[in-house]
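Written below as structure tokens is the structure these notes are about.
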Amino acid sequence: MAEYHPQELDKKWQAHWANTQAFEVTEDPSKPKFYCLEMFAYPSGHAHVGHVRNYIIGDVVARLKRLQGFNVLHPFGWDAFGLPAENAAIKSGIDPETSTLGNIAHMKGQLQRLGISYAWGRELATCLPEYYRWNQWLFTRMFEKGLAYRRRSTVNWCPVDQTVLANEQVVDGACWRCGTKVEQKDLEQWFFRITAYADDLLHAAEGLSKWPEKVLTMQRNWIGRSEGARVKFPIQGRDGSIEVFTTRIDTIFGATFVMLAPEHALVSVLAKESADEKGFLEQAQRYRGQDRAGRLTGEVAKEGFFTGRFAINPFTNQPVPIWVANYVLGEYGTGAVMAVPAHDERDLDFARKYDLPIVQVVRDDDVLFNSGAYSGLTADAARAAITEAAEERGIGEAKVQFRLKDWGISRQRYWGTPIPMIHCPVDGVVPVPDDQLPVTLPKITEFTGRGDSPLASVPEFVNVTCPKCGGPARRETDTMDTFVDSSWYFYRFADAHNDQMPFDPKKVAYWCPVDFYSGGVEHAILHLIYSRFFARVFHDLGMIEHTEPFTHLLTQGMVLKDGHVMSKSKGNVVDPDTMIEKFGSDALRLYVMFVAPPEKEVEWTDTGLEGSFRFLARVWRVANQWQADAVDLRHVTIDQGALTAAERSMRRKTHDTIRRVTADIDVRQQMNTAVSAMMELVNELYLFTDKGERSSQASLVAREAIEALMVMLSPFAPHTAEELWQMYGHSEGLAKASWPVFDAAVAKAEELEIPVQVNGKLRARVVVAPDIADAELEKIALADPNVQAHTAGKTIKKVVIAKGRLVSVVVA
RNA sequence: GCGGGAGUGGCGGAAUUGGCAGACGCGCUAGCCUCAGGAGCUAGUCCGGGCAACCGGGUGGAGGUUCGAGUCCUCUCUUCCGCACCA
């Protein structure tokens with residue numbers, strides 16, 4: 001018998017798949033399509049088993065769907081722009097392109113050594129002009145539609161990375177990459193108007209039935225819709241008013257003061273009118289500094305100061321003091337709020353601290369008092385009535401407020417997509433004409449990591465002529481957030497080499513949306529919301545029909561080592577190549593799928609991997625034992641009537657396993673139990689092999705089991721399965737194989753073991769025919785000696801029979 | 001504080017959705033085979049009692065519904081994750 005040498009099988013079959021381009025596909029309307037995608041990779045250099053788990057999960061699904069007759073698109077690519085490559089350039093002088101392409105080459109090798117069935121012909125890297133020119137093309141379309149716009153805004157500035165960060169990239173007041181405390185800075189920035197789709201993104205999320213509830217909840221919170229009203233409070237003794245946003249307009253009779261965020265536009269105006277402008281502004285500036293950094297670490301107390309001015313509460317007509325408060329957010333609502341200390345805990349804290357008036361206007365039973373004409377109304381009714389009154393008086397309106405803000409995409413960095421815009425002193429902002437795209441990144445020889453965008457230091461890049469007037473103009477020197485790259489790459493895979501358009505709508509119409517998308521939960525908000533946004537943009541450009549890009553989302557759990565996330569700095573990284581050298585890629589693949597359901601976090605164990613290797617070796621040996629006297633199943637049918645009891649039992653196990661594995665993989669998506677079902681089949685096969693006769697019938701029965709096993713195992717352990725499949729005479733390979741068919745008649749039990757309970761306690765098991773009548777079953781159950789022992793001398797009150805499952809006897 | 005999960009042997013996890021709790025694997029124990037074994041095979045492995053048949057207990061805790069609860073309901077504890085002064 002041949003020894004099991006998985007490493008040789010890896011080499012042999014990986015070469016075969018590459019030579020035959022086994023996983024390349026084209027649109028074929030005669031076949032149902034399946035688009036299986038794993039989140040593409042940032043080319044950090046080395047993939048560890050945590051990363052690789054995701055690709056294995058996707059590959060199992062892709063290979064399974066192929067066996068089920070689907071035309072499967074399973075591509076891979078590289079999210080290749082980003083800070084680390086540029087930081088490496090600053091540190092060691094290595095050109096970002098060189099290091100990135102080198103990392104891609106290495107990681108691609110790692111994935112190929114795992115036997116992941118990618119259509120490598122569609123591979124893309126976002127740092128190549130063939131790809132990023134379409135970022136620029138799309139940016140121009142969005143500019144034309146008003147979805148990309150420029151404004152001066154306060155941005156999060158990382159003093160170490162010397163760049164602007166999106167709000168989403170600020171974690172606990174610090175830079176998401178380097179952990180430095182983020183500062184505030186005013187800059188001209190490009191934004192994408194994602195807020196135009198806020199309501200739709202929120203509501204459409206309800207229809208994403210195959211997304212994890214957790215992700216949908218996170219997106220809902222992120223979009224943060226709240227219904228309320230805007231109301232104007234006139235400023236006493238001068239023109240103008242303060243507009244506030246509130247969800248509790250019913251409490252407006254209890255609004256005893258008004259607060260401004262420190263960055264509110266009125267702050268500097270009121271400062272000028274105050275006795276101590278300098279002190280006023282310094283105080284406000286101090287609050288702004290506290291803002292993100294301090295607030296999010298939770299240690300900043302509520303603080304504020306009186307501006308010296310009053311506003312008029314438009315419903316009580318009383319003057320209310322205007323304060324500046326550090327806990328009012330400039331970026332939310334109008335940046336000003338009415339304070340109702342009696343009915344808001346935060347306002348109450350503040351009012352107590354500064355001794356401001358507290359007026360109750362809503363009783364515990366939610367009915368208003370002290371509220372003029374609205375007294376006696378319920379809070380709900382009052383909200384509607386007061387909003388309506390405000391509208392009639394022209395001082396307010398109902399307003400839906402979102403937490404979601406427009407997406408700032410400008411980055412003052414080199415290693416990203418150049419924004420295709422030109423600033424002309426005559427014509428203003430002018431897009432680079434489509435036929436001049438791509439605007440390619442110039443080579444830079446020295447990376448300092450200081451100051452403005454590195455591109456600003458390349459005169460040949462910056463100095464251009466205006467496309468409109470032909471006069472001298474200046475090119476935009478910011479690059480795009482890398483999240484732009486990853487927001488539509490899944491469409492590019494459908495038509496990866498198109499040099500006329502981002503993609504042919506017909507090809508995307510065939511392949512998209514993505515049927516199965518898997519990746520880390522860390523992308524639950526940013527990547528997945530931006531992608532949903534881009535799908536809507538493409539939809540509104542008339543390029544795609546659908547609006548939701550991912551039908552089914554799986555968020556895979558992390559792989560821990562010694563209780564921690566794997567990381568180079570912790571030194572707890574498990575390298576897939578080392579494991580493959582020891583046990584072969586199939587054992588690694590199988591282990592990763594067997595250890596736990598894919599969403600769960602798991603702890604890596606070497607012994608678990610060894611167990612999976614042992615299982616594959618067992619499969620190998622038992623298949624080899626039956627290989628010599630194998631008969632070709634394709635030309636012989638099994639005569640069920642001629643089989644021995646042991647043979648019938650073996651077949652029953654085979655078909656029951658087919659049923660379980662099919663349901664586990666396809667319906668329940670529990671790969672781990674699918675594997676354990678196959679392990680049970682192999683255990684049974686060993687008993688059959690050791691104890692049974694070696695008749696030609698036995699041979700057929702064993703072969704049926706083994707061949708079904710090979711096919712079912714092939715998504716998990718494709719190299720071993722291919723080799724065995726070939727050994728069994730299938731020269732055409734598993735690509736031509738089809739999923740085994742479950743035969744209910746063969747799987748049907750000949751007898752059943754039915755548990756019998758007396759007063760809820762298990763007392764016996766009786767063996768009966770599967771189609772036994774209830775009355776007969778009851779008789780047999782009651783006749784069982786142990787049941788007799790527990791019912792003797794007692795009255796049988798009731799007997800419950802659960803068909804084919806259980807008999808429950810109640811006695812008193 | 002708000003929201004979403006999760007609590008089952010020594011460990012990872014099963015339990016076909018209200019019907020035999022602990023499948024499968026890891027680990028461990030004993031035996032066989034072996035010059036040897038990080039190989040292979042066989043048996044055992046929830047806890048307590050018993051040679052055994054069997055008996056009692058058991059899914060974080062307390063109640064409840066039911067002939068029957070890991071699963072459903074109420075309360076509670078622990079823990080992980082996300083958001084967090086959003087007016």
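Protein chains get the first letters and strands the later ones, always in sequence-line order, with residue 1 at the start of each. What you see is a predicted model; the values in this text were computed from it and never measured.
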For residues [X] and [Y], report the shortest heavy-atom separation together with the two atoms involved.
X: A:Gly519; Y: A:Met39; result: CA-SD, 3.6 Å
X: A:Ala205; Y: A:Arg532; result: N-NH2, 3.4 Å
X: A:Ala301; Y: A:Asn326; result: O-ND2, 2.9 Å

When every nucleotide of nucleotides 43-63 of chain B is labelled 5' to 3' by its protein contacts under 4.0 Å (heavy atoms), B for base, S for sugar-phosphate only, - for none, what sequence of letters results? -----------SSSS------
Summary of protein contacts for nucleotides 22-29 of chain B, nucleotide by nucleotide, where a base hit scores B, a sugar-phosphate-only hit scores S (4.0 Å, heavy atoms): -BBSSS--
Tell me the partner of [N], counting only Watson-Crick (N1-N3 plus N6-O4 or O6-N4) or G-U wobble (N1-O2 and O6-N3) with both under 3.5 Å; none if nothing fits.
N: B:G40; answer: B:C32
N: B:A14; answer: none
N: B:U45; answer: B:G27
N: B:U65; answer: none
N: B:G82; answer: B:C2
N: B:U71; answer: none
N: B:U59; answer: none
N: B:G22; answer: none

Roughly how many Å is it from [atom1] in [X] to [atom2] in [N], rounded to a whole number?
X: A:Arg403; N: B:C83; atom1: CZ; atom2: P; answer: 9 Å
X: A:Leu329; N: B:A87; atom1: CG; atom2: C1'; answer: 9 Å
X: A:Leu806; N: B:A21; atom1: CG; atom2: C1'; answer: 14 Å
X: A:Leu777; N: B:G19; atom1: CG; atom2: P; answer: 18 Å
X: A:Asp664; N: B:A14; atom1: CG; atom2: C1'; answer: 10 Å
X: A:Ile525; N: B:A84; atom1: CD1; atom2: C1'; answer: 12 Å
X: A:Arg383; N: B:A87; atom1: CZ; atom2: C1'; answer: 13 Å
X: A:Arg765; N: B:G19; atom1: CZ; atom2: P; answer: 16 Å

With respect to the phosphate group of [N], does any side-chain polar atom (N or O) of [X] fall under 4.0 Å of OP1 or OP2?
X: A:Lys600; N: B:G13; answer: yes
X: A:Gln670; N: B:A15; answer: yes
X: A:Arg805; N: B:G68; answer: no

Side chain of [X], heavy atoms from C-beta onward: which of [options] has the nearest atom to it?
X: A:Thr217; options: B:G3, B:C41, B:G19; answer: B:G3
X: A:Met218; options: B:A87, B:C41, B:G82; answer: B:G82
X: A:Lys798; options: B:C67, B:A87, B:G12; answer: B:C67
X: A:Asn221; options: B:G19, B:G82, B:C20; answer: B:G82
X: A:Arg659; options: B:U16, B:G3, B:G19; answer: B:U16
X: A:Pro597; options: B:G19, B:G38, B:G13; answer: B:G13
X: A:Val810; options: B:A87, B:C67, B:G4; answer: B:C67

Mutual orientation of the aromatic rings belonging to A:Tyr4 and A:Trp620 [parallel < 30°, tilted 30-60°, perpendicular > 60°]: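 Because their plane-to-plane angle lies in the 30° to 60° range, the rings of A:Tyr4 and A:Trp620 count as tilted.
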Parallel, tilted or perpendicular: rings of A:Phe742 and A:His655 (30°, 60°):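 Tilted, since the angle between the ring planes falls between 30° and 60°.
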Distance check, [atom1] atoms only: [N] and [M], in whole angstrom units.
N: B:G44; M: B:A36; atom1: P; answer: 27 Å
N: B:A87; M: B:C80; atom1: P; answer: 28 Å
N: B:G7; M: B:U76; atom1: C1'; answer: 14 Å
N: B:U8; M: B:G13; atom1: C1'; answer: 9 Å
N: B:G56; M: B:C77; atom1: P; answer: 35 Å
N: B:C75; M: B:C11; atom1: P; answer: 31 Å
N: B:G63; M: B:G27; atom1: C1'; answer: 38 Å

Check every strand shown and say whether [X] touches a base, only sugar-phosphate, or nothing at a heavy-atom separation below 4.0 Å.
X: A:Val595; value: sugar-phosphate
X: A:Glu753; value: base
X: A:Glu601; value: sugar-phosphate
X: A:Pro212; value: nothing

Map A:Ser808 and A:Tyr332 onto RNA chain B by nearest heavy atom, then report which one ends up closer to the 5' terminus.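 Mapping each residue to its closest nucleotide by heavy atoms, the 5'-most match is A:Ser808.
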Less than 4.0 angstrom from a charged side-chain N to a carboxylate O is my criterion; do [X] and [Y] meet it?
X: A:Glu213; Y: A:Arg220; answer: yes
X: A:Asp199; Y: A:Arg225; answer: yes
X: A:Glu303; Y: A:Arg286; answer: yes
X: A:Lys399; Y: A:Glu227; answer: no
X: A:Asp656; Y: A:Lys653; answer: no
X: A:Asp606; Y: A:Lys582; answer: no

Report the glycosidic orientation of B:U17: syn if within 90° of 0, anti in every other case.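 Syn, which is what one calls it when the glycosidic angle falls within 90° of 0.
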B:G5: syn or anti, per glycosidic angle within 90° of 0: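 Classified anti.
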A:Lys302 to A:Phe350, cation-pi by 6.0 Å centre distance and 45° axis angle: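 Negative - A:Lys302 is either too far from the ring of A:Phe350 or too far off its axis.
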Going by ring-ring contact (aromatic ring centres under 6.0 Å, His included), A:Trp323 matches just one of A:Tyr354, A:Phe305, A:Tyr287. Which one?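 Running ring-ring contact (aromatic ring centres under 6.0 Å, His included) over A:Tyr354, A:Phe305, A:Tyr287 with A:Trp323 returns exactly one hit, A:Tyr354.
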Would you state whether a donor and an acceptor, one from the side chain of A:Lys302 and one from the base of B:C85, lie under 3.5 Å apart?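 A donor-acceptor contact between them is present.
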For a quick test of your reading: what N or O donor-acceptor pairs under 3.5 Å do the side chains of residues 588-597 of chain A make, sequence neighbours left out?
unit_1	atom_1	unit_2	atom_2	d
A:Arg589	NE	A:Phe716	O	2.9
A:Arg589	NH1	A:Asp59	OD2	2.9
A:Arg589	NH1	A:Leu114	O	2.9
A:Arg589	NH1	A:Gly115	O	3.2
A:Arg589	NH2	A:Asp59	OD2	2.7
A:Arg589	NH2	A:Pro715	O	2.8
A:Tyr591	OH	A:Thr605	N	3.1
A:Tyr591	OH	A:Thr605	OG1	3.2

